[in-house]
Every structure is written in structure tokens, then in C-alpha cells.
2 protein chains.
Amino acid sequence: MPAREHIERPTAMYRAVAARVAQDIRDGRYQPGDLLPSEADMVAMYGVGKHTVRSAVAELRTMGLVESRQGKGTIVLGGGALPATVVERSISRTAKGIWGVPQMEQADAPAVSRTTLDGPAGALLDQVDQDAISVDRVLYDPSTGARAAHRTLIPMATTADVPSLAQTPDAEITELYHQLAQAGLTLTFTDRITARTPYPDEQAALRIPDASPLMITYRITSDADTARPLLCEELKTPAALCQLDYPVTPTRAPAARAPRRRTRSA
Amino acid sequence: MPAREHIERPTAMYRAVAARVAQDIRDGRYQPGDLLPSEADMVAMYGVGKHTVRSAVAELRTMGLVESRQGKGTIVLGGGALPATVVERSISRTAKGIWGVPQMEQADAPAVSRTTLDGPAGALLDQVDQDAISVDRVLYDPSTGARAAHRTLIPMATTADVPSLAQTPDAEITELYHQLAQAGLTLTFTDRITARTPYPDEQAALRIPDASPLMITYRITSDADTARPLLCEELKTPAALCQLDYPVTPTRAPAARAPRRRTRSA
DNA sequence: TATCATTTGTTCGTATGTATC
DNA sequence: CGATACATACGAACAAATGAT
């Protein structure tokens, strides 16, 4: 057992209350689905002020252990279990230029618009401030109801080389890949994954439970010969509802990996 | 004394204040590194109570826009940029049975212990309540200071087949793979990724900035012939500091994947 | 349908502790 | 040391949602 440097907090009552209740949840004294004692009850139970209890419960909420509902109470959530929906991130190739991508159902028709590339997607495409076609979809898993936001970004520089992309940008992703392959390009794919706390609009659109992070995946499609990025898929999934699944295929090359370390661009 | 600014009330005053300040940050009126006006100033600026301002600032903190420090003030963080450290998740094979895995530096010597498999790792290994050897490491990226927690779980069922694993469980991961391969097993790898709000101890151990999610990756090593899971690597990375990078290699097989959908186990 | 008790959400006030400069 | 700023904690009151009567 390694010496664990325990950081002693200068006693904060609300943290102590939160830790106590959290332990009670882990010990099973409060079962998932149960209601916690009401704020008034906890004020009496622990002999502290209402504000202290509220801060403690807020702590439990941001820890993802409970969820509060006005007029009803504070519900204990099931802790530790993996999210139900598994998002397959593999790509299969049935024939030359024919790509298979596991997909979720679409909630609505895709929304096509013209945007300027900025932020992470622009940086990864190496096309900051350049124009692109943006195709937005809301995906969902019928069996669990989990929602995800999908965006395809097609830089205008790519449509210049492969004009057919601009004709039907809202086609299936596999079709876009097919068109790129038919233009004589050899495709390689890289996924870049990060996570953050969702914005309020994302929280509403994807029905994200309280305090659950958002996982964001950028799939960059590049040309193998020139290493030039051609296309970007952005997928936003609520971490509480989705896992990502990657089959890791060993590469035979002796790991000729350039140490490409991204520097903070803003 | 700052000028007094009027503010509309859509729903909750503290949300309105938070939205206003968030917009000011996005519009560049508050630059990254700047200090927000003090709580007392904001009370005067917006004509609201101290509690309302505190709730608004708390909102901004959980949104990841600012960070508060006692005695100093509330600092505006730089938003939108991708985290600096890129964690490569590829596996290369230089020769038969010789595996290459990109790795970060180790902070300390590995800690070996005996545990009972439970939670997500146990479920993914299909070995709930079975015994296993656990090897814990703290990794870090010297160039950015980012820390990550790595755990190797070796089920006793696997050491029964490959006894050498139990001899030096704290060897390099590649060495463990090598021993499995020498035992006549054909290895396949799958990564399963999720994210959640970190626990306080994780927050302290990994130096996670306020309200940043934790990304958790499970790499399951299985035998290709029997599809039996042999080994699990668990990697916890702070999302604010790390991205995960996956090269997606298309599989030639026509996606003969069983739709294994996990159900909530607790 | 309407009323009512319960429970959380929001807002105000005040006071004290503690870290930073 | 003092001034400033955030953190914690007590109090009170009303609003809004919920569920049962």
C-alpha cells in the first residue's frame, strides 16, 4: 500500500456532511432510486443550518451521485455502473472504397449550413478561418434513448478537389468516404477524444443529466500520401449515457511516430 | 466604483448574471487571465444580493469558464482550446509477440496489490467478484505536467494459464503482452471510454482543475480464438489536460460484430 | 377540479474565518 | 499589520413544483 498523501481539509461542515452522505450511499444505506432525507430532516439530523445542507447536496450533485427535483426530493442515482449505450467507433472495409461505419439512428433530417472553421475542429483540420460545409445531425439509440450530436465538416478546400462532395454533403458518411476514395485518395482516420462540462444549450439538446460531462470525438480523415486532412466528423455524446468502443488494431510499422504535441492555440 | 448595469430577469437572477458574465467572457470583455470584478463589485453593478452573485460565479466555475481563489479573486480561463497533452493509444507490433505501446513517464514505482474485481473493470473482464493482481502507477507528461492514473488488472484466472505473469506483474505492459503471446495466445485489444466528474481523492491525486471531467479508458486484452478477456488496463486522464488519440484502422472483415449492449448492472 | 402539505429553488440579510497581497 | 476577496455558516422569507387529498 503506497503512502497516500491525504490532503486534510480545514474542516468545512458542508463537505463533511457531503462525505458522510456519499459514504452512506456507497455503503448501500441509501439505495439507487431512493430519496435522500429532506433538507429539513438533514438540518435536524446533523444539527447544521439549511444553507450547509444545501451546499452538501450541491456537492453530491456535482459528484453525480444524486439528482434533485423541486417539489419531490433528492434521488440517489446508481453509481459505478457503465453507461448503457456503446458507440462503436470501428471502420470496416468490405471492398475497395466501400466503407462501413456503425451508426445510430437519426432523429431528424440533417441540417446543412456554411460555416467558418474555428476552434478545435479548425485546428485539427489545419484550416482555421477557412470556409466549410457543416452538416448537423442528432443521433439517438432507440433502445436507451441516448442522444448524440454529430457534425460533418467538409472544408471548401476539399470540395475544390472533389466537387461531388458539395453536391450532396448530407449523404451518408460512408458515401462521402466513397467519393473521396473514387477521387484517387487513400484514406486514413484518426480519432481525437476530449471531454468537458456541457454548455446549457448542449445540455438541453442532448437531454444530459445533471453534471454529466460531454465526450467530444473528432474523427479526422486524411490522405495517406500527403497527410493532408480532408474531412472532420465531430461527435458529442453524454458520458453518463454513452461509452465509446475502439478496436485497437496493432500496426506492423515500427512505431514511426512523430512526437506531434499540440500547443495551445488560444 | 463600477458603473451600475441593468439586467433582465428571464428565470433566475443568478442564472441571468452568470449568462451575462459568460457572454462578456466570450465577447472578450474579460480576457483569459483577467480577474472578474469582485463579488462586492458585482453586487453593486447588478443590484443583486451577495448570495446571488456567489451562485452566479459558482455556475461559471462548473461551466469551466473561471476559477476562484480565496484572497485573490476569480480568474477567467482560456476557453475552447484543446488540451495540450495528447495520449497516443496506438499499439504497434515490431515482431511477432513484441508489442510497442506509447507511454508517459512514471512518477513513482508501481504499487502492487491484490484486489477483488468489481465495477466496470470486473464487468468488462467478465470476472465480477474474482480475485486479481492490481498494479497502480501515476504517469505524467514532463512537458506539460499533466498527470494520469494507470492501473493494470491481472485476473488470477489468467495467471493460472500464464504463471509467469504473477512473478513480475509490475513489469512493463509490453512485457506482460509478450508473456501472454509466448503462452500461445493471439491477442486482440479493445478500448472502452467513458467520463465522469472526479471524486475528491482523484481530483487531489491528479491535480485536476476545478470542475474538469475525468476520462476513463479500459483496455481489454482478449484471446482472439476464444474471445476470453485476459487482462485489463485502466487509464484515468483529466480531460482538461489530456486528449486521447486513436488511429482507426479499417478492418477487412464485414463487421461481424455481435451487438453486445451492456445493461446497467447496479 | 381545487386545495393543501411537502420539498426543493431562489433571494435577501448578517457575521466570521482565512488566504493573498 | 491592514485591506481586500473569497469561503463558510447562521438566519429568514417567498416562489415553484410535486403528489395526495
Side-chain angles (χ1 to χ4, degrees), chain A residues 7-21 25 30 33-77 200 203-204 209-211, chain B residues 1-2 4-21 30 33-77 200 203-204 209-211:
Chain A
I7 293 206
E8 205 55 58
R9 284 237 187 277
T11 58
M13 272 311 286
Y14 80 95
R15 282 180 191 276
V17 172
R20 166 63 174 276
V21 177
I25 290 174
Y30 301 127
D34 283 359
L35 289 181
L36 285 188
S38 76
E39 292 175 359
D41 287 347
M42 285 202 260
V43 166
M45 283 168 65
Y46 302 116
V48 295
K50 177 188 164 114
H51 208 304
T52 306
V53 167
R54 279 196 65 78
S55 297
V57 175
E59 190 91 339
L60 296 172
R61 270 198 301 270
T62 64
M63 287 167 64
L65 286 176
V66 302
E67 205 175 81
S68 295
R69 278 184 213 166
Q70 190 174 163
K72 193 175 180 191
T74 298
I75 304 157
V76 178
L77 301 176
Q203 205 155 11
D210 250 19
Chain B
M1 180 69 119
R4 178 167 179 136
E5 305 184 29
H6 183 64
I7 228 169
E8 286 301 324
R9 173 201 296 253
T11 50
M13 208 54 191
Y14 78 94
R15 283 181 192 277
V17 173
R20 167 62 175 275
V21 177
Y30 301 125
D34 283 358
L35 289 181
L36 285 189
S38 76
E39 292 176 356
D41 285 347
M42 284 201 261
V43 166
M45 283 167 66
Y46 302 119
V48 296
K50 179 185 168 78
H51 246 104
T52 306
V53 167
R54 276 197 68 76
S55 298
V57 175
E59 189 91 339
L60 296 172
R61 270 197 301 270
T62 64
M63 286 166 65
L65 286 177
V66 303
E67 206 174 81
S68 295
R69 277 184 214 167
Q70 190 175 163
K72 192 175 180 191
T74 297
I75 304 158
V76 178
L77 301 175
Q203 206 156 11
D210 251 18

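Residue numbers begin at 1 in each chain, while the letters A, B, ... track the order of the sequences.
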Any [X] side-chain N or O less than 4.0 Å from OP1/OP2 of [N]:
X      : N       : answer
T52(B) : dT10(C) : no
R54(B) : dA7(D)  : yes
R15(A) : dA9(D)  : no

Whole-Å distance separating the [atom1] atom of [X] from the [atom2] atom of [N]:
X      : N       : atom1 : atom2 : value
E59(B) : dT10(C) : CD    : P     : 9 Å
Y14(A) : dC6(D)  : OH    : C1'   : 11 Å
L36(B) : dT4(D)  : CG    : C1'   : 16 Å
I75(B) : dT20(C) : CD1   : P     : 11 Å
L35(A) : dT7(C)  : CG    : C1'   : 10 Å
M13(A) : dA15(C) : CE    : P     : 22 Å

By side chain to side chain contact (heavy atoms under 4.5 Å, CB included) - contacts of [X] (at least two apart):
X      : answer
V43(A) : K50(A), V53(A)
T52(B) : M13(B), Y14(B), V48(B)
T62(A) : none

Quiz prompt | Given dC10(D), dA7(D), dT10(C), the nucleotide with the shortest approach to the side chain of V48(A) | solution = dC10(D)
State, with a plain yes or no, whether a side-chain heavy atom of [X] is found less than 4.5 Å away from one of [Y].
X      : Y      : result
L35(B) : I75(B) : yes
I25(A) : V66(A) : yes
V76(B) : L36(B) : yes

Quiz prompt | For the student: nearest non-hydrogen atoms of S68(A) and T74(A), plus distance | solution = OG-OG1, 3.0 Å
What nitrogen or oxygen pairs link the protein and nucleotides 14-21 of chain D at under 3.5 Å?
from: dA16(D); atom 1: O4'; to: Q70(A); atom 2: OE1; distance (Å): 3.4
from: dA16(D); atom 1: N3; to: Q70(A); atom 2: OE1; distance (Å): 2.9

Exercise. Could you note down all residue pairs passing ring pair (Phe, Tyr, Trp, His ring centres under 6.0 Å) where residues 44-70 of chain A supplies at least one of them, sequence neighbours left out?
Key: H51(A)-H51(B)
Self-check item: Bend angle of the helix from dA2(C)-dT21(D) to dC21(C)-dG2(D), from helix axes over five pairs at each end, nearest 10°
Solution: 20°
Exercise. Using a 4.0 Å heavy-atom cut-off across all strands, classify S55(B) as base, sugar-phosphate, or nothing.
Key: nothing
Quiz item: Which sits closer to the 5' end of DNA chain D, S38(B) or H51(B), going by the nucleotide each is nearest to?
Solution: S38(B)
Practice problem: Nearest 0.5 Å please: distance from the OH atom of Y30(A) over to the CG atom of L65(A). | Solution: 13.0 Å
